[in-house]
Amino acid sequence: MFSKWWWRKRVGFEDITTRVTPECHFWVHWGASHCQTRAQTRGEWQLLCVPGGQPPLWKFMDSIGSEGLQQGEEALSCPEEGLPRPSDSSELVQDCLQQFKVTVAQLQQIQASLLGSMEQALRGQASPVPAVRMLPTYVGSTPHGTEQGDFVVLELGATGASLRVLWVTLTGIEGHRVEPRSQEFVIPQDVMLGAGQQLFDFAARCLSEFLDAQPVSKQGLQLGFSFSFPCHQTGLDRSTLISWTKGFRCSGVEGQDVVQLLRDAIQRQGAYNIDVVAVVNDTVGTLMGCELGARPCEVGLVVDTGTNVCYMEEARHVAVLDEDRGRVCVSVEWGSFSDDGALGPVLTTFDHTLDHESLNPGAQRFEKMIGGLYLGELVRLVLAHLTRRGVLFRGCPSPALLSQGSILLEHVAEMEDPSAGAARVHTILQDLGLSPEASDVELVQRVCATVCTRAAQLCAAALAAVLSRLQHSREQQTLQVAVATGGRVCERHPRFCSILQGTVMLLAPECDVSFIPSADGGGRGVAMVTAVAARLAAHRRLLEETLAPFRLNHDQLAAVQAQMREAMAKGLRGEASSLRMLPTYVRATPDGSERGDFLALDLGGTNFRVLLVRVTTCVQITSQIYSIPESVAQGSGQQLFDHIVDCIVDFQQKQGLSGQSLPLGFTFSFPCRQLGLDQGILLNWTKGFNASDCEGQDVVSLLREAITRRQAVELNVVAIVNDTVGTMMSCGYEDPRCEIGLIVGTGTNACYMEELRNVAGVPGDSGHMCINMEWGAFGDDGSLDTLSTCFDASVDQASINPGKQRFEKMISGMYLGEIVRHILLHLTSLGVLFRGQQTQRLQTRDIFKTKFLSEIESDSLALRQVRAILEDLGLPLTSDDTLMVLEVCQAVSQRAAQLCGAGVAAVVEKIRENRGLEELAVSVGVDGTLYKLHPHFSSLVAATVRELAPRCAVTFLQSEDGSGKGAALVTAVACRLAQSTRV
Ligand code: G6P
Ligand code: BGC
Ligand code: BGC
């Protein structure tokens, strides 16, 4: 083989020497002309250099092993003799075109391999690096059709060496379209290959030139940027270019945020104040421009100079997003798909040649078999090959036929179009400097058809992979979906789409797919995304404004803590205070020596329970839940207490206790001024109870009177306790440090062991007494009005005790659902939710149960389950709506938990200061459905207590047996004390 040195001196071409490898191209300029040749993987080309200035000779061994010599210049000349016999040429043609034949098995393998790569990339697998990128686009919802406004759209990269500026007006009225105004600008080659700044300045100039011709203001323009290259998006308006494709290779752009580059260029241009609101891939624009139809458009396919697809993927499947709710549009970037196993067998020598000659050898291999930028080149390489073999144009190639890029997509589309007719093909070939015969025309059309058929089939195999992915993602056996198609190959190529559709049906038979051509190449779609982005941004601003009052900061919570401390002090002193600080006559927590059988009643929570509590070395409980119909809870007091006694009697009968007069402890979860352990004057009803003739009465007397009314029943009512006290006692039985009782259920309240000396109105200075704070009423004096929102006011106004229990109405289970419902009504009226459609259901009181908050906010619940809950409420919602409803629930429950935490912080700090301790370790017995079932409530309460009472180590003990056990223990303590005083 010739030494490197000789070459260099002989022909004096720098780059040739460095690229001498078996696979290299050789360029030799010989006088005016040049010829090119190369070594093929399936053949060897050797340059035989003849000393003394003779044109070089080429020796080659092609794939079918025949050898031949060719003189450089002679390559352009027509062979005089030795054209192949007709039989040879059809074999030659067969051999050549056979390479483009792709079997169903090969297509299925490509489908499977691409699906595998897609799922690897979705999982965020790093190695082996997946063959496709699967780039999230931050477009989370398909358009509502309500988008409206005027938008500027800049399209760069979709159609190769041109960019387009559009003015798109969205009317927001379904089916009412305003034709976009647009202008196309050809991008000079040197700009496509020059400095990035030059390209963006060119784009900004085109923008101004276009807008100068439009009757538009220079201010407040919103622009959607369609940038058709692989990008890492980190937001709807932040996108970093990964690598150029399709004939672009500007410097200083890869790795940069292209939105910022455009903003900078527009700034430099300085003509217009344009807000670049969104950047999208052209496939996303195509998807979003899809007319609303019978079935959702969930896939956007583009085959133009390049090719790519996007589709709506479940966000939880996109590992990089760490989102487990909603859907997100993912740009597959299948142009880079290159799995040797699957693609190797279908890659032809012409594909390799094309790749070697491309701007980005080795990259975008799949795109180079399908994209419009390459179809023409593939056809050209095949025609050049067949011409050199004398099969076409009598073996006489034209310079154009040997020039890269001389056959364009348009040529191929026309030459293949049966309606174009042979005459048109003739003209095109003549324009390429060829003199075709009829047989040439027919063979050229065949080559075009072969190349394009393969392209459509490969595209179909890839699309079938995406459809299979959608099925997996939606866990559906069959799939009904619409695919929006865009790009000049789809639009202009006569048979591409029909082959595509036919092959998809073959490869994905369980998918019922409709193809919807994009009306205007995605411009509307980009405007839609921009409108969606602008709308989402506007909605987000309105949502944030609405929820801002619920986001309490440290100072606000510390203020609540301080106000509560003040109200506690006043209440203990018997002064006017929204906190009544009611003495409960419970002076001690159980010491474990209690024994006996006790009956207990538990009224005031979600359920009314009758319990038999057996206290030995441990506590055994038998209980039964009875309902308190609203008519009884809001009927007459007599009716209510007769109902209670009926339940007791029923329970005694079932437990074989009839006729026994066991000591009874009565958990009565309403504010009572206790005059003794077994005397409690009901101050006012709360939580939806409103039985008449009870307020101001001794509840124990009302119970005893009902027992009396029911002959033959004997009950010994020993104690009446509040559910907070029962809960404290019940937990105190296990943990003696438990000195606080907290209920966050239907209502909310707390009690704690106060120093007796601090309790006005109860004789004695030593020892402790449990104080029922009735903190539900905190703020009834207006001290919480600064935190109260219009939604709280609506809930309060609609309650049966307006102006009362203000703290409870911001925290407890009976009200949180209603607060959420009122916020949803408000956001709907602003058009932020449910497309502004107010539904009858949502206007129904108590339709949004507080338990929905616990369900909706649970981490384990996928968005679709959240959606199911809301759809059961008859709410027409999108994934954006669902995400916003979730945020509303989170804001309301977070405020409730923080306020509750501020209350507990006030209590533990009071106890710590009572005892003059630096540090306090104390336990809180807790009960209540909201606290127990809400996924984050308890941890938010604990976090707020840690923040506001850092010197208190607070342990929260969830009560297992409810306060009925506590009532029995209070009764047992009372009996023990009574016993000890009797002996
Ligand atoms: C438990 C207690 C009741 C208390 C209730 C509060 O069930 O035993 O005494 O009233 O919790 O929670 P709830 O969510 O039922 O209102
Ligand atoms: C780009 C894609 C684009 C496609 C169609 C490809 O070269 O990488 O981002 O969607 O062409 O324009
Ligand atoms: C009542 C309290 C009770 C709390 C929890 C409030 O509505 O006023 O007495 O402890 O609900 O059930």
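With hydrogens and angles disregarded, no donor-acceptor distance shorter than 3.5 Å links the side chain of Gln99 to the backbone of Leu347. A donor-acceptor pair is defined here as one N or O able to donate and one able to accept, closer than 3.5 Å; no such pair exists between the side chain of Asp201 and the backbone of Gln198. Here the side chain of Ser113 pairs no donor or acceptor atom with the backbone of Gln109 at under 3.5 angstrom. A donor-acceptor pair under 3.5 Å is formed between the side chain of Lys246 and the backbone N or O of Gly157. Between the Glu155 side chain and the Phe225 main chain, no donor and acceptor come within less than 3.5 Å of each other. Judged by distance alone, with hydrogens and angles left aside, the side-chain atoms of Ser162 form no donor-acceptor pair with the main-chain N or O of Val186 at under 3.5 Å. Between the side chain of Ser89 and the main chain of Leu92, no donor-acceptor pair closer than 3.5 Å is present. For Ser403 (side chain) and Ser406 (main-chain N/O), no donor-acceptor pair under 3.5 Å exists by modelled atom type.
The environment of Arg249 atom CZ is sparse: at most 12 non-hydrogen atoms of other residues, nucleotides or ligands sit within 6.0 angstrom.
Interatomic distance, Arg454 CZ to Thr450 OG1, rounded to the nearest 0.5 Å: 10.0 Å. Rounded to the nearest 0.5 Å, atoms CE (Met415) and OG1 (Thr427) are 11.0 Å apart. For the atom pair CG (Asp431) and NE2 (His411), the distance works out to 7.0 Å, reported to the nearest 0.5 Å. Atom OG1 of Thr485 sits about 10.0 Å away from atom CZ of Phe496, to the nearest 0.5 Å. In this structure, Glu333 CD and Phe366 CZ are separated by 13.0 Å, a value rounded to the nearest 0.5 Å. Taking CG of Leu402 as the reference point, atom OG1 of Thr387 lies at 8.0 Å (rounded to 0.5 Å).
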Please determine whether side chain to side chain contact (heavy atoms under 4.5 Å, CB included) holds for the pair Phe248 and Leu156, giving the CA-CA distance in whole Å, both sets of side-chain angles, and the decisive distance to 0.1 Å.
CA-CA 10 Å; Phe248 281 77; Leu156 178 58; 4.2 Å; yes
Checking side chain to side chain contact (heavy atoms under 4.5 Å, CB included) for the pair Met118/Val466: CA distance, chi angles, key distance, verdict?
CA-CA 8 Å; Met118 289 172 66; Val466 172; 4.0 Å; yes
Apply side chain to side chain contact (heavy atoms under 4.5 Å, CB included) to Leu381 and Glu357, showing your working.
CA-CA 11 Å; Leu381 289 167; Glu357 287 156 8; 4.2 Å; yes
List the steps, then state whether side chain to side chain donor-acceptor pair (under 3.5 Å) holds for Ser228 with Asn281.
CA-CA 5 Å; Ser228 311; Asn281 184 267; 5.4 Å; no
Kindly indicate, with the supporting measurements, whether the criterion side chain to side chain contact (heavy atoms under 4.5 Å, CB included) is fulfilled by Thr159 and Arg488.
CA-CA 8 Å; Thr159 51; Arg488 287 166 304 159; 4.0 Å; yes
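When all heavy atoms are compared, the tightest approach of Gly523 to Arg164 is N-NH2, 4.1 Å. When all heavy atoms of Gly247 and Leu193 are compared, the closest pair comes out as O-CD2, 3.7 Å. Residues Leu261 and Phe200 come closest through the heavy atom pair CD1-CE1, 3.8 Å. Closest approach of Cys250 to Ala195, counting heavy atoms only: CB-C, 4.1 Å. The two atoms that bring Thr286 and Leu301 nearest to each other are CG2-O, 3.9 Å, heavy atoms only. Scanning all heavy atoms of the two residues, the minimum distance from Leu287 to Cys329 falls at CD2-SG, 3.9 Å.
Between Ile407 and Leu383, the closest side-chain pair of non-hydrogen atoms falls below 4.5 Å. Side-chain contact between Phe229 and Val258: absent, with no pair of heavy atoms (C-beta onward) separated by less than 4.5 Å. In this structure, the side chains of Val330 and Thr137 stay at 4.5 Å or more apart for every pair of heavy atoms. Within the 4.5 Å cutoff, no side-chain heavy atoms of Phe227 are placed close to those of Leu262. In this structure the side chain of Ile428 never reaches within 4.5 angstrom of the side chain of His426, judged on heavy atoms. The side-chain heavy atoms of Phe515 and Val504, taken from C-beta on, include a pair separated by under 4.5 Å. Counting heavy atoms from C-beta outward, Leu223 and Phe151 have side chains that stay 4.5 Å or more apart. Gln457 places a side-chain heavy atom less than 4.5 Å from the side chain of Ile499.
A tilted orientation is assigned to the rings of His356 and His352, their planes being inclined by 30° to 60°.
Taking Arg492 as the reference, Glu410 meet the salt bridge (Lys or Arg N to Asp or Glu O under 4.0 Å) condition, with sequence neighbours excluded. For Arg133, there are no salt bridge (Lys or Arg N to Asp or Glu O under 4.0 Å) partners at least two apart in sequence or on another chain.
Between the side chains of Gln214 and Arg181, at least one donor N or O lies within less than 3.5 Å of an accepting N or O. For the residue pair Thr307 / Trp334, a side-chain donor-acceptor distance below 3.5 Å is found, with atom types taken as modelled.
Pairs passing the side chain to side chain donor-acceptor pair (under 3.5 Å) check and including a residue from residues 366-375, sequence neighbours excluded, read Asp355-Lys368, Ser358-Lys368, Asn360-Lys368, Gln364-Glu367.
A salt bridge links Arg380 and Glu377; the closest N-O separation between the charged side-chain nitrogens and carboxylate oxygens is under 4.0 Å. Comment: Arg389 does not engage Asp95 in a salt bridge, judged by the lack of any side-chain N to carboxylate O separation of less than 4.0 angstrom.
Cysteines Cys290 and Cys297 have SG atoms closer than 2.5 angstrom.
Of the candidates Arg424, Arg495, Arg446, Arg495 is the only one forming a salt bridge (Lys or Arg N to Asp or Glu O under 4.0 Å) with Glu416. Among Thr305, Leu409, Asp304, Val412, the single residue meeting the side-chain contact (heavy atoms from CB on, under 4.5 Å) criterion with Val489 is Leu409.
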